[in-house]
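What follows is a single structure, written as structure tokens, with notes after it.
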Amino acid sequence: MSNADVRVTSGNFVAAKPLGIIDGVDYLYTGEVRGIDTDSIRAKLDAHEIVLIPPLGYSVTGETFNLGAGALAAKLAVALQADKLIYLMEGGSLKDGEGELVSQMTQLQAEAQLKTMTEGEGADYYYLRHAVDASAGGVDRVHLIERNIEGAILQELFTRDGVGTMISGVAYDVIRKAEVGDIAGILELIVPLEKQGILVARSREKLELEIEHFTVMLRDGVIVGTGALYPFAGEAAAELACLAVHPDYHNHGRGEE
């Protein structure tokens, strides 16, 4: 950080109101968000300052209220129209019924998962609930990451599969008809297999002429699988050709899909 000009700023950007009395319990100085001064926050960000916002809010009469950090983060992300929201969790990410990491969920899948859970499930329920709220509010991607993993944020953001659970408004994996612009990505998959004699060699020109027969599978915008279907004229049959999946994604059912 030598000679680095990094400025961190804070302030009373969050207005709050008391949570009040719920089921006979007076929550005193625990509050909830009433409003967020997004213009002031954006002005600080535009000045290249890091804005540090604690889980505190202030009422119009000057009282200070404790706020839930998870809920506040979701509301801030929605208000600022953030591209990403990252939660560093104790225990982190979500597991399936077999204890395996769920690396990606759409908003709809996350909502369905939430309906099967209860508040008694602790951090998983708490963060998933706020992740769904943020996603529904327009945040493109919400990441739930185990905070104790070495380099967790770097691994989550700079590797294709990450180390946590990502919740997105749209599917992370997409299967669609191939386009001419996909040819370079298709060639990256099939050329190594052609050199090994596993696939018949196809020129770029041949791919361009027959691109309408091809389908591609994309993961985060990168082609990780392809296949072609050639129907036989006048018959209820077709030939499956040029099926290839990136080596990093073998044995995950992608070829079958």
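Counting from 1, the numbers follow the sequence of the chain as shown.
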Counting only heavy atoms not in [X] (residues, nucleotides, ligands), do more than 12 fall under 6.0 Å from its [atom1]?
X      : atom1 : answer
Phe158 : CZ    : no
Glu150 : CD    : no
Lys84  : NZ    : yes
Glu63  : CD    : yes
Glu208 : CD    : yes
Arg7   : CZ    : no

Which residue is it: Ile183, Val180, Asp182? I am looking for the one with a side chain to side chain contact (heavy atoms under 4.5 Å, CB included) to Leu207.
Ile183
Specify whether Phe214 and Tyr230 have parallel, tilted or perpendicular ring planes, treating 30° as the upper limit for parallel and 60° as the lower limit for perpendicular.
perpendicular
Treating His250 as the side-chain partner and Val245 as the backbone partner, does any N or O pair qualify as donor plus acceptor under 3.5 Å?
yes
Checking side chain to side chain donor-acceptor pair (under 3.5 Å) for the pair Ser168/Gln104: CA distance, chi angles, key distance, verdict?
CA-CA 8 Å; Ser168 58; Gln104 189 273 334; 3.1 Å; yes
Short side-chain donor-acceptor distance under 3.5 Å, Gln109 and Gln113:
no
Would a hydrophobic clustering, with Ile, Leu, Val, Met, Phe, Trp and Tyr connected at side-chain separations under 4.5 Å, put Tyr126 with Met117?
yes
